[in-house]
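Just below is one structure, and these are the notes that go with it.
Both backbone and side-chain heavy atoms feed into the values below; hydrogens, waters and symmetry mates do not. In the text below, chain A, chain B and the rest are named by the order of the sequence lines, each starting its count at 1.
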There are 2 protein chains.
Amino acid sequence: MAKAPTVYDVAERSGVSIATVSRVLRSPAAVREHTRERVLAAVTELGYVPSAAARGLAARRTNVIGLFFPGHDETVPDQPVDSARGDTVPIVDDDSDTASDTENLYFDEVLRGAEIEAWRRGFALMVAAGRGSSREALVTDIAGRVDGLAVLARTVPDELLAYVARRIPVVILAGAQRADDFDHVSASNGPGMRTLANYVLQDHGVHDVVYIAGPTDSPDDAERLTGFRNALADSGVAERNVRILRSDFTRDGGRATAARILAAERPRAILCSNDETALGVLDVLEQRGIRVPEDVLVTGFDGITAGRHSRPKLTTVHQPMVELGRAAVHAITARLDDPNLEPQAFTLPVEVVLRESCPRV
Amino acid sequence: MAKAPTVYDVAERSGVSIATVSRVLRSPAAVREHTRERVLAAVTELGYVPSAAARGLAARRTNVIGLFFPGHDETVPDQPVDSARGDTVPIVDDDSDTASDTENLYFDEVLRGAEIEAWRRGFALMVAAGRGSSREALVTDIAGRVDGLAVLARTVPDELLAYVARRIPVVILAGAQRADDFDHVSASNGPGMRTLANYVLQDHGVHDVVYIAGPTDSPDDAERLTGFRNALADSGVAERNVRILRSDFTRDGGRATAARILAAERPRAILCSNDETALGVLDVLEQRGIRVPEDVLVTGFDGITAGRHSRPKLTTVHQPMVELGRAAVHAITARLDDPNLEPQAFTLPVEVVLRESCPRV
DNA sequence: GACTCGAGTGTATGCGCATACATTGTGGGA
DNA sequence: TCCCACAATGTATGCGCATACACTCGAGTC
């Protein structure tokens with residue numbers, strides 16, 4: 001790596017001042033064509049690459065947006081990376097680990113959306129995982145590098161967000177719409193669940209229903225539960241005639257809860273507040289030879305990929321994850337354009353996706 | 001957003017010089033504890049967040065690593081992001097699009113590995129998708145922001161990489177080990193396929209085999225094909241006794257190729273150079289009532305998640321994608337530490353994963 | 001008691017760029 | 001013909017930080 005050329009080198013080589021070089025790069029229209037060509041030629045010859053640090057310093061903005069997502073360091077070994085030794089290739093049996101492909105996929109799509117939208121608006125995207133230790137250091141480190149920050153809900157403690165939000169716009173992604181000063185982007189959890197539940201209660205005419213809620217600290221879950229209750233009201237079903245249980249959003253939790261449910265009288269439908277729970281329920285039902293959807297209807301929420309491949313395929317409410325990422329970036333840029341905006345809440349539309357576990361009637 | 005405080009503000013407030021403030025943040029041990037505490041108190045009170053741009057400029061390094069991956073703008077609409085209008089939730093039928101979860105997942109895991117390793121080494125991670133248009137602008141834009149760049153193979157034209165590589169280390173991820181000046185990180189494609197093919201040829205004793213290769217411009221594919229040929233030699237099978245066809249790495253391509261294969265005499269095994277192709281083959285076999293593995297063995301390569309959920313589950317060679325990401329960052333940091341290193345090639349170990357489509361004998 | 005030495009801190013400078021302002025050149029209107 | 005407006009370019013400055021170097025001061029050293 002030779003020492004990187006600077007505007008000064010380019011200016012000297014093309015016989016202009018550094019201001020002109022800068023203008024060629026930032027506002028080409030302000031420079032005569034002849035001059036511009038000479039400068040660009042020098043740029044290419046020297047292999048000039050503008051320093052984003054210097055530009056950021058001078059322009060007082062970095063044109064970078066940060067995206068914070070939940071951490072995962074537990075799962076990766078601390079060992080150094082090694083090359084293969086020799087050509088030995090082990091042969092192992094099925095490695096199915098259903099745990100790993102849920103949140104990942106969710107995040108992957110959010111990232112995709114954020115990246116696309118950021119690029120369209122002329123920003124680069126920086127990513128970081130929220131980690132258990134020294135989270136604070138990470139957050140301020142990232143905060144110093146970006147013009148705005150999107151944070152997956154509950155990845156970062158509130159007081160830390162507040163600290164960062166004193167300097168740059170912060171948007172909270174896919175959590176609750178809380179009454180705080182942050183911008184929020186999320187999906188219509190309540191209406192989604194309400195529509196799906198009404199489909200079961202009315203179109204399928206099934207009133208004998210169990211609802212499996214998620215952890216109490218999840219704001220999404222609270223909204224979904226409310227949606228379910230609204231559906232009960234819509235359909236004229238008294239809440240005391242249905243069971244509402246709590247699980248923990250995991251597949252294992254779904255299995256355990258399904259076992260509890262089946263210990264009593266078997267319901268005609270089990271509505272789950274997320275897909276993983278529903279997959280766990282399906283596991284238990286299949287294992288006991290209970291047919292889905294003939295004996296029991298099952299539904300989830302989220303639209304994770306695994307639900308498309310389950311047996312039977314899972315009916316669910318699909319969240320627009322790519323759009324969530326895009327909306328987050330949109331919210332940040334909107335606030336950068338006008339810092340005095342009132343705190344905003346974007347609620348993105350969802351879709352009920354009917355598959356085998358609760359088919360179209 | 002109030003104007004961000006700087007080292008000068010912190011220095012003034014805590015009654016020290018800016019040099020001391022800087023030292024408290026960068027090398028705390030060099031400052032007396034009493035002083036340090038005063039400075040840190042001022043930092044907190046003012047909500048000081050160091051400017052990465054200024055630091056990067058002064059220190060001549062950004063502590064950011066860039067990750068370039070294949071683009072995907074085609075799939076996302078250009079419309080602005082809207083909030084939900086009212087609470088209308090559409091109800092749609094199954095939306096299965098098998099296309100979307102392959103490369104994504106692959107990239108997601110690479111990203112995960114890169115992010116983890118970067119963080120461990122004190123770097124932030126910036127991501128960008130290689131896009132059709134104005135790729136050049138994007139690349140140099142990112143290049144100016146980072147200390148090193150990891151690029152998914154064939155995302156960026158070679159001459160552009162060469163341009164960037166004049167300034168910062170560039171590592172090519174998961175492509176061929178080409179004879180160029182870049183560092184390379186990839187998986188043992190050849191040995192992986194060789195081992196899997198030998199398992200079919202020897203352990204299963206199946207010699208009546210068709211091999212479906214991928215596109216000719218894929219270096220990974222070339223390595224896999226070589227691995228297959230080595231296995232033929234290992235097992236004493238003449239190449240003229242097997243068929244080698246070419247497809248395009250897609251599920252649709254797999255379907256079409258399977259149809260071609262079945263037009264002639266049906267083989268006992270079909271080895272595919274990637275998982276998607278294999279999934280397409282499975283589609284056709286199931287549709288024609290041909291049993292897998294009883295009638296035909298099928299294998300893939302990559303270890304994508306969809307292969308764990310297929311019917312039957314797909315035997316494959318699993319690439320360590322998280323490790324690829326980590327290794328890429330490792331390679332970059334190694335070169336930053338010692339720019340005079342010879343070009344390196346990391347080849348990461350793979351695993352043959354036996355599932356239903358070609359079970360353990 | 002003068003001297004050395006090192007720990008702790010301050011002063012001054014430059015990193016590479018954007019940009020306000022100054023300067024020069026050019027054509028059109030009076 | 002002279003002046004002015006505007007286009008094109010140059011000059012000078014500061015963005016916020018890291019760091020080389022200078023400086024101070026107190027504890028040893030002899």
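Looking at A:E115, its side chain does come within 3.5 Å of a backbone N or O of B:A129 through a donor-acceptor pair.
Considering only residues two or more places apart in sequence or on other chains, B:D147 meets the salt bridge (charged side-chain N to carboxylate O under 4.0 Å, His left out) condition with B:R61.
Atom CZ of A:R61 is separated from atom P of D:dG14 by 23 Å (rounded to the nearest Å).
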Residues A:T35, A:V24; criterion side chain to side chain contact (heavy atoms under 4.5 Å, CB included); working and verdict: CA-CA 9 Å; A:T35 314; A:V24 167; 5.6 Å; no

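Less than 4.0 Å separates DNA chain C from at least one heavy atom of each of the following residues of residues 32-47 of chain B: B:R32, B:T35.
Salt bridge A:D141/A:R145: present, at least one basic N to carboxylate O contact under 4.0 Å. Electrostatic pairing of A:E109 and A:R112 does not count as a salt bridge here, judged by no charged N lying under 4.0 Å from a carboxylate O. Salt-bridge formation is not detected for the pair B:E33/B:R36: no Lys NZ or Arg NE/NH1/NH2 atom is positioned less than 4.0 Å from an Asp or Glu carboxylate oxygen.
Across A:L125 and A:G66, no two heavy atoms sit closer than the pair CD2-C, 4.4 Å.
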Nucleic acid footprint by protein, nucleotides 16-24 of chain D - heavy-atom cut-off 4.0 Å, B for base, S for sugar-phosphate alone: BBBB-----

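Looking at heavy atoms from C-beta onward, B:V164 lies out of side-chain contact with A:V49 at the 4.5 angstrom threshold.
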